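Quick note on labels: first sequence line is chain A, next is B, and so on, each numbered from 1. All figures in this text were calculated on a predicted structure; none of them were measured in a lab.
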There are 2 protein chains.
Amino acid sequence: MTNATTFHSEQGHDSDVQLWTRMTSCCTVIENELRTRLRNEFGTTLPHFEMMAQLAGAPEGLKMSELSRRMRVTNGNITGITDQLEKEGLVERSKLATDRRTSVIKLTINGRQAFSRMSKAHEQWLHDIFSRSPQQKRSSLYKNLGVIKSMLKAQLHNKPA
Amino acid sequence: MTNATTFHSEQGHDSDVQLWTRMTSCCTVIENELRTRLRNEFGTTLPHFEMMAQLAGAPEGLKMSELSRRMRVTNGNITGITDQLEKEGLVERSKLATDRRTSVIKLTINGRQAFSRMSKAHEQWLHDIFSRSPQQKRSSLYKNLGVIKSMLKAQLHNKPA
DNA sequence: TATTGTTATACTCTATAACTATA
DNA sequence: TATAGTTATAGAGTATAACAATA
């Protein structure tokens, strides 16, 4: 992710730019922090972690095209991430009898254990970051982001927001 | 930027993970949109645009180390971006008499004009994205992100949030 | 010694497009 | 024809580290 701008305009939409600046700035800082910690403490990356998180929430496994849709990256990249995680023994491919084109990806036992450790830390990091903000403000933030999210969903393509 | 997770935990900090998921998801979608538009309509990239935005807000110019700090990337990358923008005639380096190590970067006239066009579009895109959300909610979102921002500032290093 | 900026390099992440195999 | 996944490739974006010039 990249950063903020401080430019001032003449169109009267300054507040939109400022909102975006603040959003992306907060996200960049947090994401950099998470990325660094995942690398230093677990030797992994954000996309690898996120694929595992998707799979942890789907014990029956996910098709690669579904992972592609959810993670908003193209098929080729899912192949690459899957290859690496499979080599590490964290996920496994299996074939569907009903459609031999399709691969279903699941966490292995090892993958599930590894993800469990990582996600505990990840959750704690986020708690450390957010818990200094009053619960009421966090809740309001969550709700208002939900409004943005549903607008984006309606507005831009058919990607999940 | 990367994407969301939907994992559920046992530590009771689920809401922190959900907040982060929603934040980063919204940011990813918007950022991808801005990146695509900057490339398609202006043949530029987000970091290039953002450096120009920083310089547009500082008519007296900025030191490269200051750009590095503001954009949260290392010096070497600022050198690279500056080289490219300079080659396009959009920025110029100048030397300080008081410290001959330092380079001060400014937008050229062309750079200022180019940025003016781009930032008008950029502002309009953001307005299109955000304006469907009620003003009151956007304002609340902005304020609550401000709380996060100042906490991050206090918490993580000395980087500007 | 510390700081500013440069250079060289390598890696992660991503998109595009051509491909294979199935449907 | 359309879809699922693979492969190859190119480029963006970034960090690390060694370096030169200056403070």
Using atom NZ of A/Lys95 as one end and atom C1' of C/dA23 as the other, report the distance to the nearest whole Å. 13 Å
Round to a whole Å and report the spacing from CG of B/Asn40 to C1' of C/dT16. 13 Å
Regarding D/dT22, can its base be found pairing with the side chain of B/Arg100 as donor and acceptor, where the two atoms are less than 3.5 Å apart? no
Roughly how many Å is it from CZ in A/Arg69 to C1' in D/dG5, rounded to a whole number? 17 Å
Would you give the length of the straight line joining atom CD1 of A/Ile129 to atom CE of B/Met151, rounded to the nearest 0.5 angstrom? 8.5 Å
Rounded off to whole Å, could you give me the CE-to-P distance for the B/Met64 and C/dT7 pair? 10 Å
Going by an N to O cut-off under 4.0 Å, is there a salt bridge joining B/Arg69 and B/Glu66? yes
At 4.0 Å (heavy atoms only), tell me whether A/Asp99 reaches a base, stays on the sugar-phosphate, or touches nothing. sugar-phosphate
Nearest-nucleotide pick for A/Lys63, side chain only, options being C/dT7, D/dA15, D/dA4: D/dA4
Do the non-hydrogen side-chain atoms of A/Arg22 and B/Ile148 ever get within less than 4.5 Å of each other? no
Starting at the 5' end of DNA chain D and moving along, which residue's nearest nucleotide shows up first, B/Thr45 or A/Arg39? B/Thr45
In whole angstroms, the gap separating C1' of C/dG5 from CG of B/Leu62 amounts to 15 Å
Testing the basics here: between B/Ser65 and B/Asn75, what is the closest heavy-atom pair and its distance to 0.1 Å? CA-OD1, 4.0 Å
Does B/Ser65 place a side-chain N or O at less than 4.0 Å from the phosphate oxygens OP1/OP2 of C/dG5? yes
If I take atom CG in residue A/Leu34 and atom C1' in nucleotide D/dT14, what distance separates them, rounded to the nearest angstrom? 17 Å
Please state whether the phosphate of D/dA15, meaning OP1 or OP2, lies under 4.0 angstrom from any side-chain nitrogen or oxygen of B/Thr74. yes
Which distance, rounded to the nearest 0.5 Å, do you find between the CE of A/Met64 and the CD1 of A/Ile105? 4.5 Å
Whole-Å distance separating the CD atom of A/Glu31 from the P atom of D/dG13: 14 Å
Under-4.0 Å side-chain N/O to phosphate OP1/OP2 contact, B/Arg35 with D/dG13: yes
Under 4.0 Å between a side-chain N/O of A/Asn75 and OP1 or OP2 of D/dT6, yes or no? no
Please determine, for the side chain of A/Ser103, which listed nucleotide (C/dA15, D/dG5, D/dA15) has the closest atom? D/dG5
Selection from D/dT14, D/dT7, D/dG13 that lies nearest to any side-chain heavy atom of B/Asn77: D/dT14
Could you please name the option among C/dT7, D/dT7, D/dA15 that lies closest to any side-chain atom of B/Asp83? C/dT7
Which residue lies toward the 5' end of DNA chain D, A/Gly76 or B/Gly76, if each is placed at its nearest nucleotide? A/Gly76
What nucleotide, of D/dT7, C/dA21, D/dT22, holds the atom closest to the side chain of A/Arg101? C/dA21
Any idea which of C/dA15, D/dG5, D/dA15 is nearest the A/Thr102 side chain? D/dG5
Would you kindly compare A/Thr98 and B/Val104 by the position of their nearest DNA chain C nucleotide and give the one closer to the 5′ end? B/Val104
B/Gln84 CD - D/dG11 C1' separation (whole Å): 11 Å
If you round to the nearest 0.5 Å, how far is CD1 of A/Ile30 from CE of B/Met23? 4.5 Å
